[in-house]
A.B. asks: 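I have a structure I would like to understand better, so I am pasting it below and will then ask my questions one at a time.
This one's a predicted model, so the numbers in the text were calculated from it and none came from an experiment.
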Amino acid sequence: PDYLEDRKGNIDRTKELLEFYSGILGPYPFAREKYGHSLMERGGGMEHQTITTITHFNFLLVAHELIHQWFGDYVTCATWQDIWVNEGFASYTEYLGEEFLHDQVSADVWMKNAHNYIFSEQGGSVYVPEEHKDNESRIFDYRLTYKKGAAIVHQIRFELNNDSIFFKTLRNFLSEYADSAATGEDFREVLENTSGKDFSDFFEQWYYGEGHPVIS
């Protein structure tokens with residue numbers, strides 16, 4: 001009976017996140033409807049259009065599932081091989097939530113933990129290779145699809161070195177593929193058109209390529 005009251009503080013932060021993401025990405029895509037949570041007893045969360053099925057109200061989990069309203073429901077990956085369109089961006093916006101709604105120290109800890117997890121194994125591309133396109137565990141590989149996927153979004157932001165262009169790229173992508181599906185290549189095209197920069201080598205190395213450089 002006291003479940004809701006005990007978690008009300010965390011649940012109420014959904015409004016803060018909704019307003020923040022609407023500010024940087026454009027209005028909540030389903031603004032004519034509401035957004036809600038449906039409680040379940042298993043771990044994690046699952047986004048559905050206008051409502052997330054969720055097991056607890058940790059800030060990062062709420063943030064991740066909410067952002068799927070933009071990346072996943074409003075614009076969906078065109079193939080399972082391009083699951084990055086859903087999960088890589090949703091994971092990176094956890095970092096953005098820490099950066100803008102908490103502080104840079106919290107965001108840095110998030111990214112350091114992500115890098116440590118990515119480096120815990122060798123190999124593996126963010127893009128799901130043809131031979132694994134029907135392998136559910138590979139599609140939803142937490143290290144590659146989620147964490148490495150988020151890390152290369154962060155690298156793109158670094159390469160642009162201009163937050164105005166970075167967030168404009170995200171908005172342009174969502175606008176162009178609204179209520180539709182897109183691939184990683186579709187995102188690259190929007191990125192290049194918005195920034196005026198060539199990211200073909202970047203994508204070959206970081207989206208399709210495996211592993212990471214070791215610098216000494």
A.B. asks: May I ask you to decide if Glu159's main-chain N or O and Lys197's side chain share a donor-acceptor pair within less than 3.5 Å?
C.D. replies: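 The answer is yes, because a donor-acceptor pair under 3.5 Å joins these two groups.
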A.B. asks: Would you say CD of Glu136 has more than 12 non-hydrogen atoms from neighbouring residues, nucleotides or ligands within 6.0 angstrom?
C.D. replies: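 Open: at most 12 neighbouring heavy atoms sit under 6.0 Å from CD of Glu136.
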A.B. asks: Would you mind checking if Glu5 and Lys8 are paired as a salt bridge, meaning a charged N to carboxylate O distance below 4.0 Å?
C.D. replies: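 So Lys8 does not pair with Glu5 through a salt bridge.
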A.B. asks: Applying side chain to side chain donor-acceptor pair (under 3.5 Å) to His68 and Glu87, what does each step give before you reach the verdict?
C.D. replies: CA-CA 8 Å; His68 274 310; Glu87 300 297 352; 3.0 Å; yes
A.B. asks: Side chains of Asp201 and Gln205 only: does a donor on one sit below 3.5 Å from an acceptor on the other?
C.D. replies: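 Their side chains do not contain a donor-acceptor pair, so the 3.5 Å distance test is not met.
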A.B. asks: Distance only, no hydrogens: is a donor on one side chain within 3.5 Å (strictly under) of an acceptor on the other, for Ser175 and Asn172?
C.D. replies: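 No, Asn172 and Ser175 have no side-chain donor paired with an acceptor closer than 3.5 Å.
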A.B. asks: Side chains of Tyr207 and Arg188: donor-acceptor distance under 3.5 Å anywhere?
C.D. replies: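 Distance-only check fails for Tyr207 and Arg188.
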A.B. asks: Determine, step by step, whether Asp73 and Phe30 satisfy the side chain to side chain contact (heavy atoms under 4.5 Å, CB included) criterion, reporting the C-alpha distance in whole Å, the side-chain angles of both residues, the deciding distance to 0.1 Å, and the verdict.
C.D. replies: CA-CA 10 Å; Asp73 294 333; Phe30 312 107; 4.1 Å; yes
A.B. asks: So that I know where these two stand, are Trp84 and Phe187 an aromatic pair - ring centroids less than 6.0 Å apart?
C.D. replies: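 Aromatic pair counts; centres sit under 6.0 Å.
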A.B. asks: Does atom OH (Tyr3) have a neighbourhood of more than 12 heavy atoms from anything else shown, all under 6.0 Å?
C.D. replies: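 Buried by this count: over 12 neighbours within 6.0 Å.
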A.B. asks: Going through the distances and angles, do Arg13 and Glu19 end up as a salt bridge (charged side-chain N to carboxylate O under 4.0 Å, His left out)?
C.D. replies: CA-CA 10 Å; Arg13 297 205 71 186; Glu19 291 173 342; over 6 Å; no
A.B. asks: Output yes when Glu98 and Lys112 qualify as a salt bridge under the 4.0 Å nitrogen-oxygen rule, no when they do not.
C.D. replies: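 No, Glu98 and Lys112 are not salt-bridged.
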A.B. asks: Going by the side chain to side chain contact (heavy atoms under 4.5 Å, CB included) test, name the single residue among Gln104, Glu94, Met111 that passes it with Glu99.
C.D. replies: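 For Glu99, the side chain to side chain contact (heavy atoms under 4.5 Å, CB included) check succeeds only for Gln104.
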A.B. asks: To check you understand the geometry: which heavy-atom pair defines the closest contact between Thr14 and Leu66, and what is its length?
C.D. replies: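 Looks like O-CD2, 4.2 Å.
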A.B. asks: Take Thr52 and Tyr35, measure what side chain to side chain donor-acceptor pair (under 3.5 Å) needs, and give me the verdict at the end.
C.D. replies: CA-CA 8 Å; Thr52 287; Tyr35 178 72; 2.6 Å; yes
